[in-house]
Student: 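Provided herewith is a single structure, encoded as structure tokens, for subsequent inquiry.
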Protein chains: 2
Amino acid sequence: MVDDAIGQVIERLRARGRRITVARRALIEALIAEPGHVTAEELTATMHAQHPDVAESTIYRILDDLEQLGIVVHVHLGHGPAVYHLATGSHVHLVCDDCGGIIELPSAVVDSMAAQLRAAFHFESRFTHFSIGGLCQGCQLRSRSDDG
Amino acid sequence: MVDDAIGQVIERLRARGRRITVARRALIEALIAEPGHVTAEELTATMHAQHPDVAESTIYRILDDLEQLGIVVHVHLGHGPAVYHLATGSHVHLVCDDCGGIIELPSAVVDSMAAQLRAAFHFESRFTHFSIGGLCQGCQLRSRSDDG
DNA sequence: TTAGCTGCAAAAGGTTTGCAAATTA
DNA sequence: TAATTTGCAAACCTTTTGCAGCTAA
């Protein structure tokens, strides 16, 4: 069924006139195999196990292309490098400013907020591209005790 | 009253043991004079009109320091450089992914959302550090007509 | 006087680009 | 064959850092 998922993506690429190269196939495999959010650097490392001569610039180019085709999205969780994942299973991220911990939310959680912004500003919001920053429970407690 | 605002910030710096240098005073003036969101580069340009030999690295260092003191915040509106503004008047940004247009919201608009995240995840969210991406009305209409 | 700040220059980190060679269809 | 894709290396952009000299208190 992983193979199946790969086949489906490849189909979509062919349908849009892309050529299926070793690097593309390997990157799609890596994206499907990886569980969560991966940086370009991590993807490169994964792919280098099997294909050590794929250049990181190639990976950035393929990711760009996949993103334009709506197959992949990238997310900014914090100040570091962007992370990538398949566009299916897009979700919202709460990221703790102190410890960097991540809570993933189903997009539905922000629906009422999105509706509010749509009604008031005609703005169709996507909460998925940037994280929502803040403090997790642990860091709230810690900063309180630091104060005292 | 601008002078007054400057004086207040300088007081806070002194109270925390900072030295008041030409660069610091000029940067505070620039921040108070600038209307909205400014990048470090824009601040540098502004300051160079009066003080051409202040280094950009100095500006980054002072901004860091002011941020640690809670006087300044930086915000990521999109993929470009961070923008800075005084911590007073902190607000939420809706940024159009297509045209880059910005809508500023009073923080109160996200209060109910914040309450929801607090109740469900004990997460104290700050919607001010990253923008909320999406599509503004104009770009929604444009992309619809591009489809057809 | 002396700690804190600054300028300069260089480096770091993430991402993009130019170009000739390789590869896909 | 012809156009797309790639590897390599270099550039780019924003931000950080090391260090010696300057300056505010």
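Bear in mind that the values here come from a model prediction, so they are computed numbers and not experimental data. Lettering follows sequence order; numbering is per chain, from 1.
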Student: Can the ring centroids of A:His91 and A:His37 be said to lie less than 6.0 angstrom from one another?
Tutor: yes
Student: CE of B:Met47 versus P of C:dT6: gap in Å, rounded?
Tutor: 9 Å
Student: Who are the salt bridge (Lys or Arg N to Asp or Glu O under 4.0 Å) partners of B:Arg61, not counting sequence neighbours?
Tutor: none
Student: Could you state the atom-to-atom distance from CG of A:Leu43 to P of C:dT15 in whole Å?
Tutor: 11 Å
Student: Could you check A:His74 against B:His79 for side chain to side chain donor-acceptor pair (under 3.5 Å), going step by step and ending with a plain yes or no?
Tutor: CA-CA 12 Å; A:His74 78 271; B:His79 286 168; 3.1 Å; yes
Student: At 4.0 Å (heavy atoms only), tell me whether B:Arg25 reaches a base, stays on the sugar-phosphate, or touches nothing.
Tutor: nothing
Student: Which pair of heavy atoms, one from B:Phe127 and one from B:Ile132, lies closest together, and at what distance?
Tutor: CD2-CD1, 4.2 Å
Student: Output a table of nitrogen or oxygen pairs between the protein and nucleotides 15-18 of chain D separated by less than 3.5 Å.
Tutor:
residue	atom	partner	partner atom	Å
D:dT15	OP1	B:Ala82	N	3.2
D:dT15	OP2	B:Tyr60	OH	2.4
D:dT15	O5'	B:Tyr60	OH	3.4
D:dG18	O6	B:Arg61	NH1	3.4
D:dG18	O6	B:Arg61	NH2	3.3

Student: Which atoms form the tightest heavy-atom contact between B:Leu69 and B:Arg12, and what is the distance?
Tutor: O-NH2, 3.7 Å
Student: Report yes if a side-chain nitrogen or oxygen of A:Thr21 is closer than 4.0 Å to either non-bridging phosphate oxygen (OP1 or OP2) of D:dT6; otherwise report no.
Tutor: yes
Student: To the nearest Å, how far apart are A:His51 NE2 and C:dT23 P?
Tutor: 14 Å
Student: Just the rounded figure in Å: distance from P of C:dG14 to NE2 of A:His74.
Tutor: 15 Å
Student: Looking at the side chain of A:Ile20, which of C:dA25, D:dT6, C:dT6 is the nearest nucleotide?
Tutor: C:dA25
Student: Counting only side-chain heavy atoms from C-beta out, which of C:dT6, C:dG4, D:dT6 sits nearest to A:Ala23?
Tutor: D:dT6
Student: Nearest-Å distance, CD1 (A:Ile62) to C1' (C:dT23)?
Tutor: 13 Å
Student: If I take atom CZ in residue B:Arg24 and atom C1' in nucleotide D:dA24, what distance separates them, rounded to the nearest angstrom?
Tutor: 11 Å
Student: Contact class for B:Val54 (heavy atom, under 4.0 Å): base, sugar-phosphate, or nothing?
Tutor: sugar-phosphate
Student: Taking the six-membered ring for Trp and the full ring for Phe, Tyr or His, determine whether the centres of A:His76 and B:His76 are under 6.0 Å apart.
Tutor: no
Student: How long is the span from the OG atom in A:Ser125 to the CG atom in A:Asp111, to the nearest 0.5 Å?
Tutor: 9.0 Å
Student: Nearest whole Å is fine: how far is D:dT5 P from A:Asp53 CG?
Tutor: 18 Å
Student: Would you mind reading off the distance between A:Glu42 atom CD and C:dG14 atom P, rounded to a whole angstrom?
Tutor: 11 Å
